[in-house]
Amino acid sequence: MTKDEYMQIALDLARKAATEDEVPVGALIVNPTTGEIIAEAYNQSAHSGDATAHAEILAIQRACKKLNATRLWDLDMYVTLEPCTMCAAAISFARIRKLYFGAEDIKGGAVINGVKFYEAPTCHHKPETESGIMAEECASVLKDFFKTKR
């Protein structure tokens with residue numbers, strides 16, 4: 001599969017989150033060697049009553065459980081929105097190989113915006129990152145969702 005095809009799956013997850021009145025962010029963890037999707041998730045904070053139930057965190061938890069591992073060496077993550085500080089840290093701690101994300105998050109992002117977590121000298125693992133994958137589509141899902149809230 002291509003980067004766009006993986007991101008399309010993450011976008012479908014984001015759209016599902018929107019139908020459940022959750023902030024529409026979707027994430028996948030993929031084995032880049034085999035192409036297998038190891039785990040997928042979307043934001044569930046509102047319905048779970050858990051502020052940490054972001055798509056990235058849930059995908060990491062599911063992948064760790066599935067693989068019976070605490071580290072996700074050699075796996076990649078696709079997420080529709082630039083991760084926040086909490087999620088960037090979790091991605092680092094999980095040792096994700098490469099992070100692909102769609103839309104930038106100027107206010108809450110922590111990879112190329114905000115605190116730039118992976119640039120901090122205290123960051124133990126810096127995944128490779130690639131931004132802008134289907135960025136317009138990813139941003140559009142979020143903008144459409146928030147239009148209904150205003």
Heavy-atom side-chain contact between [X] and [Y] under 4.5 Å:
X: Lys116; Y: Val111; answer: no
X: Leu72; Y: Cys64; answer: yes
X: Met77; Y: Leu28; answer: no
X: Val23; Y: Phe146; answer: yes
X: Thr80; Y: Glu137; answer: no
X: Val30; Y: Ile38; answer: no
X: Phe117; Y: Ser92; answer: yes
X: Trp73; Y: Ile96; answer: no

Same cluster or not: are [X] and [Y] linked, directly or through other Ile, Leu, Val, Met, Phe, Trp or Tyr residues, by side-chain heavy atoms under 4.5 angstrom apart?
X: Ile91; Y: Phe93; result: no
X: Ile9; Y: Leu11; result: yes
X: Val25; Y: Phe145; result: yes
X: Ile112; Y: Leu142; result: yes
X: Leu13; Y: Met7; result: yes

Say you draw a straight line from [atom1] of [X] to [atom2] of [Y]; how long is it, rounded to the nearest 0.5 Å?
X: Met86; Y: Thr52; atom1: CE; atom2: OG1; answer: 5.5 Å
X: Lys107; Y: Asn113; atom1: NZ; atom2: CG; answer: 12.5 Å
X: Leu75; Y: Lys98; atom1: CG; atom2: NZ; answer: 14.5 Å
X: Cys87; Y: Ile60; atom1: SG; atom2: CD1; answer: 7.0 Å

If you compare all heavy atoms of [X] against all heavy atoms of [Y], which two are closest, and at what distance to 0.1 Å?
X: Glu82; Y: Asp105; result: OE1-N, 2.9 Å
X: Glu22; Y: Ala46; result: OE1-N, 2.9 Å
X: Ile133; Y: Cys138; result: O-SG, 3.9 Å
X: Ala10; Y: Ala27; result: CB-N, 4.4 Å
X: Ala14; Y: Pro24; result: O-CB, 3.1 Å
X: Leu81; Y: Glu56; result: O-OE2, 4.0 Å

Can we say [X] and [Y] salt-bridge, meaning some charged N sits less than 4.0 Å from an Asp/Glu carboxylate O?
X: Glu136; Y: Lys143; value: no
X: Glu119; Y: Lys126; value: yes
X: Asp76; Y: Arg97; value: yes
X: Glu130; Y: Lys3; value: yes

Side chains of Ser45 and Asn43: donor-acceptor distance under 3.5 Å anywhere?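 No, because no side-chain N or O of Ser45 sits under 3.5 Å from a partner of the opposite role on Asn43.
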Side-chain donor-acceptor pair under 3.5 Å between Asp4 and Gln8, yes or no?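 No, no side-chain donor-acceptor contact under 3.5 Å.
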Show your working on side chain to side chain donor-acceptor pair (under 3.5 Å) between Glu20 and His47 and close with a plain yes or no. CA-CA 8 Å; Glu20 296 179 14; His47 287 82; 5.4 Å; no
side-chain contact (heavy atoms from CB on, under 4.5 Å) between Asp74 and Asn31, worked out: CA-CA 7 Å; Asp74 301 320; Asn31 180 326; over 6 Å; no
Decide yes or no on side-chain contact (heavy atoms from CB on, under 4.5 Å) for Ile57 and Gln61, but give the supporting numbers first. CA-CA 6 Å; Ile57 301 291; Gln61 291 172 341; 3.7 Å; yes
Check for a donor-acceptor pair, side chain of Arg62 on one end and backbone N or O of Glu40 on the other, with a separation under 3.5 Å.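 Present.
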Here's a test for you: under ring-ring contact (aromatic ring centres under 6.0 Å, His included), which of Tyr78, Tyr100, Phe101 qualifies with Tyr6?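 Going through Tyr78, Tyr100, Phe101 one by one, the ring-ring contact (aromatic ring centres under 6.0 Å, His included) with Tyr6 is satisfied by Tyr78 alone.
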